[in-house]
Enquirer: 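Structure in structure tokens, see below.
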Amino acid sequence: MTLEKAQTLIEALPWLARFHGATIVIKYGGHAMTEDHLRAHFADDVVFLRYAGLRPVIVHGGGPQINAHLDRLGIESSFTAGLRVTTPEAMQVVRMVLVGQVNRDVVAAINRHGPFAVGLSGEDAHLLTAERKHAMVDGAKVDIGQVGEIVRVDADTVVALLDNGRIPVVSSIARGEDGTVYNVNADTAAAALAVALKASKLIVLTDVEGLYADWPHSTDVISTIESSDLAELLPGLSAGMVPKMEACLTAVRGGVPQAHVLDGRKPHAVLLEIFTDEGIGTMVRPDTPKEGA
């Protein structure tokens, strides 16, 4: 057993060298966020990254927690084209749950290991600026309330925290130019922040093993896909996978060398992806340059 442990450490060596000092943005959600043992494993992974010399940044949503709180308050939840219709009343709950509950829970889990995590909202220091997003239904724009599309990222505060050895934990709330507060998809927010930070990786944790080659007929996972091939597949993907794969595509096209979708239900998924030769999940990478180009 001791030899196996040594071999595992040696396998990690080239990846430790490669990613030392690198910024890694991790979108945290799904079962990894709602199950106690997976929350603990995730916190362990993030602190391990920090001690290994990487610079992790966490971006989180909180759909299940928001739904539960809206239900308790008797506020109806509805979705249009896969997006939550966010009335001013619902927005107050979304903001309270994401910033006041989920963010604090993530920070607390990480800080069991030491004074590392610092919670932020996308509103803080104008980190995320958004404008109103409309849903498209049968080719027509539909108003879905205070749902935002990110138009600008000012990552100075996140960079300052990273330079100070901290682990920023960002909730996916954004402000508009007029001060309106918007609910922003956490996958989208993570991709925008990864681009702004010139991150070495974007990692999106979800509840499937990766991008399936021929779902629902097969559970074979595509291990690597280039951005143009992914763009062709997007229209045919399931509604749940579209924002995650769009986030990966946005990140890679914005200069992030690698974007990954991993199964957050697998303990220590983040470490397995970064520090093992075979990795796990699906990696999106830029198109290979054509000869003569």
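Only heavy atoms go into these numbers, but all of them, side chains included; no hydrogens, no water, no symmetry mates. None of the values given here were measured: they were computed from a predicted structure. For reference, positions follow the sequence shown, starting with 1.
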Enquirer: Taking the side chain as every heavy atom from C-beta outward, state whether V151 and E177 have any atom pair closer than 4.5 Å.
Expert: no
Enquirer: If the plane angle is over 60° it's perpendicular, under 30° parallel, otherwise tilted; pick one for F48 and F275.
Expert: perpendicular
Enquirer: When you group the ILVMFWY residues by side-chain heavy-atom contacts below 4.5 Å and let the links chain together, are L193 and L202 in the same group?
Expert: yes
Enquirer: Does atom CZ of R95 have more than 12 heavy-atom neighbours, drawn from other residues, nucleotides or ligands, at distances under 6.0 Å?
Expert: no
Enquirer: Just how far is it from atom CG of D105 to atom CD1 of I110, taken to the nearest 0.5 Å?
Expert: 11.5 Å
Enquirer: For T157 versus A125, what's the shortest heavy-atom pair and its separation?
Expert: OG1-CB, 3.2 Å
Enquirer: Just by modelled atom types, is the H126 backbone N or O under 3.5 Å from a matching donor or acceptor in the R175 side chain?
Expert: no
Enquirer: Between D44 and H113, does the side chain to side chain contact (heavy atoms under 4.5 Å, CB included) criterion hold? Intermediate values first, please.
Expert: CA-CA 8 Å; D44 292 345; H113 300 276; 2.9 Å; yes
Enquirer: Go through the steps to decide whether I203 and I274 satisfy the test side chain to side chain contact (heavy atoms under 4.5 Å, CB included), and finish with yes or no.
Expert: CA-CA 10 Å; I203 294 175; I274 296 176; 3.9 Å; yes
Enquirer: Tell me the closest heavy-atom pair linking G61 and S172, and the distance in Å.
Expert: CA-OG, 4.0 Å
Enquirer: Say you draw a straight line from CG of L272 to CG of D45; how long is it, rounded to the nearest 0.5 Å?
Expert: 8.0 Å
Enquirer: Going from OG1 on T188 to NZ on K133, what distance comes out if it is rounded to the nearest 0.5 angstrom?
Expert: 6.5 Å
Enquirer: State, with a plain yes or no, whether a side-chain heavy atom of T276 is found less than 4.5 Å away from one of T8.
Expert: no
Enquirer: Is it true that, when you exclude D138 itself, more than 12 heavy atoms of the residues, nucleotides or ligands shown sit nearer than 6.0 Å to its CG?
Expert: no
Enquirer: Hey, are E273 and K266 close enough for a salt bridge, meaning a charged N less than 4.0 Å from a carboxylate O?
Expert: no
Enquirer: Check whether R39 reaches the backbone of A32 with its side chain - one donor and one acceptor, N or O, closer than 3.5 Å.
Expert: no
Enquirer: Let me check something: do V118 and V106 share a hydrophobic cluster, defined by ILVMFWY side-chain heavy atoms less than 4.5 Å apart, either directly or through other members?
Expert: no
Enquirer: Please examine the side chains of E226 and T288, heavy atoms only from C-beta on, and report whether any two atoms are closer than 4.5 Å.
Expert: yes
Enquirer: Is H268 atom NE2 crowded by more than 12 heavy atoms from other residues, nucleotides or ligands, each under 6.0 Å away?
Expert: yes
Enquirer: Tell me whether T282 contacts the main-chain N or O of I222 through its side chain, where contact means a donor paired with an acceptor under 3.5 Å.
Expert: yes
Enquirer: Using a 4.5 Å cut-off on heavy atoms from C-beta on, say whether the side chain of F42 contacts that of V46.
Expert: yes
Enquirer: Using the rule that Ile, Leu, Val, Met, Phe, Trp and Tyr join whenever any side-chain heavy atoms are under 4.5 Å apart, tell me whether F116 and V170 fall into a single cluster.
Expert: no
Enquirer: List the atom of G254, the atom of V195, and the distance in Å for their closest heavy-atom pair.
Expert: O-CG1, 3.5 Å
Enquirer: Are H260 and C248 packed together at the side-chain level, in the sense that at least one heavy-atom pair is separated by less than 4.5 angstrom?
Expert: no
Enquirer: Between L233, V284, V221, which is the residue that forms a side-chain contact (heavy atoms from CB on, under 4.5 Å) with L211?
Expert: L233
Enquirer: To the nearest 0.5 Å, what is the distance between CZ (R285) and CD (Q258)?
Expert: 9.5 Å
Enquirer: Ignoring hydrogens, what is the shortest heavy-atom contact between N103 and G119? Give both atom names and the distance.
Expert: OD1-CA, 3.2 Å
Enquirer: For P14 versus E11, what's the shortest heavy-atom pair and its separation?
Expert: CD-O, 3.4 Å
Enquirer: Give me the ring orientation class for F19 and W15: parallel if the planes are under 30° apart, tilted from 30 to 60°, perpendicular past 60°.
Expert: parallel
Enquirer: Tell me, do R132 and D143 make a side-chain contact under 4.5 Å, heavy atoms counted?
Expert: yes
Enquirer: First locate atom CD1 of I10, then atom CG of L16, and finally report the distance between them rounded to the nearest 0.5 Å.
Expert: 10.0 Å
Enquirer: Is there a path of hydrophobic side-chain contacts, each under 4.5 Å between heavy atoms of I/L/V/M/F/W/Y residues, joining L205 to M33?
Expert: yes
Enquirer: Look at the side chain of R265 and the backbone N and O of D207, then say whether any donor-acceptor pair between them is shorter than 3.5 Å.
Expert: yes
Enquirer: Take a 6.0 Å sphere around CD of E89 and say whether it holds more than 12 heavy atoms from other residues, nucleotides or ligands.
Expert: no
Enquirer: Is the shortest side-chain heavy-atom distance between M245 and D187 below 4.5 Å?
Expert: no
Enquirer: If you apply the rule side chain to side chain contact (heavy atoms under 4.5 Å, CB included), what do you find for Y28 with V59, and how did you get there?
Expert: CA-CA 6 Å; Y28 180 43; V59 179; over 6 Å; no
Enquirer: Please test T206 against K27 for side chain to side chain contact (heavy atoms under 4.5 Å, CB included), starting from the C-alpha separation and ending with a verdict.
Expert: CA-CA 9 Å; T206 185; K27 187 273 176 157; over 6 Å; no
Enquirer: For Q92, does the CD atom sit with more than 12 other heavy atoms under 6.0 Å from it, leaving out its own atoms?
Expert: no
Enquirer: Indicate whether any N or O donor in one side chain lies under 3.5 Å from an N or O acceptor in the other, for D263 and H31.
Expert: no
Enquirer: Could you see if I75 belongs to whatever hydrophobic cluster contains I66? Use Ile, Leu, Val, Met, Phe, Trp, Tyr and a side-chain cutoff under 4.5 Å.
Expert: yes
Enquirer: Looking only at non-hydrogen atoms, find the nearest pair between T34 and Q65 and report the distance.
Expert: CG2-NE2, 4.3 Å
Enquirer: Nearest 0.5 angstrom please: S228 OG to R253 CZ, how far?
Expert: 7.5 Å
Enquirer: Determine the sole option in T180, V184, N183 for which the side-chain contact (heavy atoms from CB on, under 4.5 Å) test with Q146 is passed.
Expert: T180
